[in-house]
Amino acid sequence: MESVKAVRGMRDLLPEELERWQSFEEKARQLLARYGYQEIRTPVVEEKGLFERSVGEQTDIVTKEMYTFLDRKGRKLALRPEGTASVVRAYLEANYFQKRKISRFWYLGPMFRYDRPQKGRYRQFYQLGVEVFGGQDPFFDVEVMALMFYLVNSSGVTDLTIHLNHLGCAQCQHNYLGVLQKFVRPRAGFLCCDCQRRLASNTLRIFDCKNERCAEVLEEAPLPGNYLCQVCQDRYEKVHTGLKALGLSVFEDKRLVRGLDYYTGTVFEAMTGRETNAVAAGGRYDTLTMALGGPAIPAVGFAIGLDRLMALCSETSSKLPVIRAIFLGEEARKRGFLLLEELRREGLRVETDYEERPLKNHLQTASREKVVWCLILGENELNREQFVIKNMETRRQYEISFNGAGQKVKELVC
Ligand code: HAM
């Protein structure tokens, strides 16, 4: 019979790999708390309309990549392709805008996009995201980008550059789109079918097209950053200066438009020296709360692609060392069982297979599985109210009495 495999584009995160993820997540939680961010968990399933109204009906994410389905009552639902829209919905639904001036949230979880699977691109992938509501000041943009930078840094990935651009306010965007359409219309014949449609409905999305001929048409195109009003220009300068003052590596990328419709001002992507795909990205979205039926609340955020980040970081986990316990004889097993409970209460990591077999055989298994510490308890040790801890690398053995065992073992192995 054919064996069952994981669905294309989806993968298992096995314990060996997850140790690295968990070690990063622990550091991330601490860092986020220091910046005043609170965790929020939203459902994986949302109304399809939520993403049409936020990410945008014409975007690749909504038209080509979303997992959608009807439930038993015929409701049009979707697996979330990203986290921002859900957090905005939750923020509005829980009326946070009436309770606090500023709300800072973070989230971590799986997102789903029917993308073409390849290195760093999965159909189920994980994002750690941050969204701040209620802040208009450019310092909020700098704060979230700095946080993104330091979060990525805490994983051990340090060669990060922030690609920065500004898409302008609603008025700037309106003016710019007029100029862009004027430029593209006479060249429409060179565009792919999708982009000809985009020209009429959502011209900016032509920048997302992977087609070489469309990219050629846009080579000489006017760019949004050159059509900013004075207020937007000043804001952009403040953000840029703020990032520089922190000593962060910044690249001004005039062609960066991002693939989601909700951005209104600052947009950014975090690139590393080793990969062409962004490891994190985000921006300001001051009109999204209104598009989802709420009051006008300025907001800014980002999401880190954890699958991509974890593939880049070589940091090994700082988890507790494993102590493999070996019991020789029934009496040792009974006493040993209690000893292990005691050691675990002290915060040590101990495990055993409870099997009765020769010591040599146990030690061979431990060696093969690269276990460094063995705890050996046989009849002789039992009679002397002690046990042995053996370092499998140095071959040294230490006799430890039952009395105050936890503290002594801790000093030895930690
Ligand atoms: P995004 O650029 O679509 O933005 O995704 C953010 C990050 O998620 C990307 O930079 C990448 O690292 C990761 N990512 C995206 N698609 C995949 C995939 N198929 N496989 C693996 N990783 C992937 C957003 O999602 C926005 N919600 C970010 C944001 C938050 N903007 C404001 N607040």
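If you're wondering where the values come from, they're calculated on a predicted model, not measured in any experiment. Values below: every heavy atom of this structure, side chains too, minus hydrogens, waters and symmetry copies.
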Would you find a donor on one side and an acceptor on the other, under 3.5 Å apart, between the side chain of Q233 and the backbone of L228? yes
Other residues, nucleotides, ligands: >12 heavy atoms within 6.0 Å of E212 CD: no
I'd like to know if R205 pairs up with D261 as an ion pair, taking the criterion as any Lys NZ or Arg NE/NH1/NH2 lying under 4.0 Å from an Asp or Glu carboxylate oxygen. yes
Rounded to the nearest 0.5 Å, the CG atom of L260 sits from the CG atom of D60 at a distance of 10.0 Å
Short N-O contact, K119 and E275, less than 4.0 angstrom: yes
Do the charged groups of R29 and E26 touch, with an N to O distance under 4.0 Å? no
Ignoring hydrogens and angles, state whether a donor on the side chain of Q124 or Y67 is under 3.5 Å from an acceptor on the partner side chain. no
For a quick check under 3.5 Å, do N202 and E57 share a side-chain donor-acceptor pair by atom type? no
Are T84 and Y262 linked by a side-chain donor-acceptor pair shorter than 3.5 Å? yes
Main chain of E46, side chain of R80: is a donor-acceptor contact present, judged purely on distance under 3.5 Å? no
If you take all heavy atoms of L151 and F24, which pair is closest and at what distance? O-CE1, 3.1 Å
Do any pairs count as a salt bridge (charged side-chain N to carboxylate O under 4.0 Å, His left out) and have a residue in residues 391-413, sequence neighbours left out, and if so which ones? R384-E399
Looking at L309, L160, N277, which hits side-chain contact (heavy atoms from CB on, under 4.5 Å) with T272? L160
Ring of F402, cation from R335 - is the NZ or CZ under 6.0 Å from the centre and inside 45° of the axis? yes
Could you check whether Y35 and W106 have their ring centres less than 6.0 Å apart? no
Looking at R324 and E369, does any basic side-chain N land under 4.0 Å from a carboxylate oxygen? yes
How are the rings of W373 and Y398 set relative to one another: parallel (under 30°), tilted (30 to 60°) or perpendicular (over 60°)? tilted
Is there a donor in the side chain of E39 and an acceptor in the side chain of Y37, or the other way round, less than 3.5 Å apart? no
Would you call E82 and R113 a salt bridge, taking side-chain N to carboxylate O under 4.0 Å as the test? no
Under 4.0 Å between a side-chain nitrogen and a carboxylate oxygen: does that hold for D194 and K210? no
Ignoring hydrogens and geometry, is there a side-chain-to-backbone donor-acceptor pair from N165 to K254 under 3.5 Å? yes
Before accepting this row, confirm whether a basic side-chain N of the pair E52/K76 lies closer than 4.0 Å to the acidic partner's carboxylate O. no
Using 0.5 Å steps for rounding, measure from the CG atom of N226 to the OH atom of Y176. 9.0 Å
Has K99 got its NZ or CZ under 6.0 Å from the middle of the six-membered ring of Y96, at an angle within 45 degrees of the ring axis? yes
Ionic contact status for R11 with D307, cut-off 4.0 Å: yes
Closest non-hydrogen atom pair between L348 and L320, with its separation: C-CD1, 4.3 Å
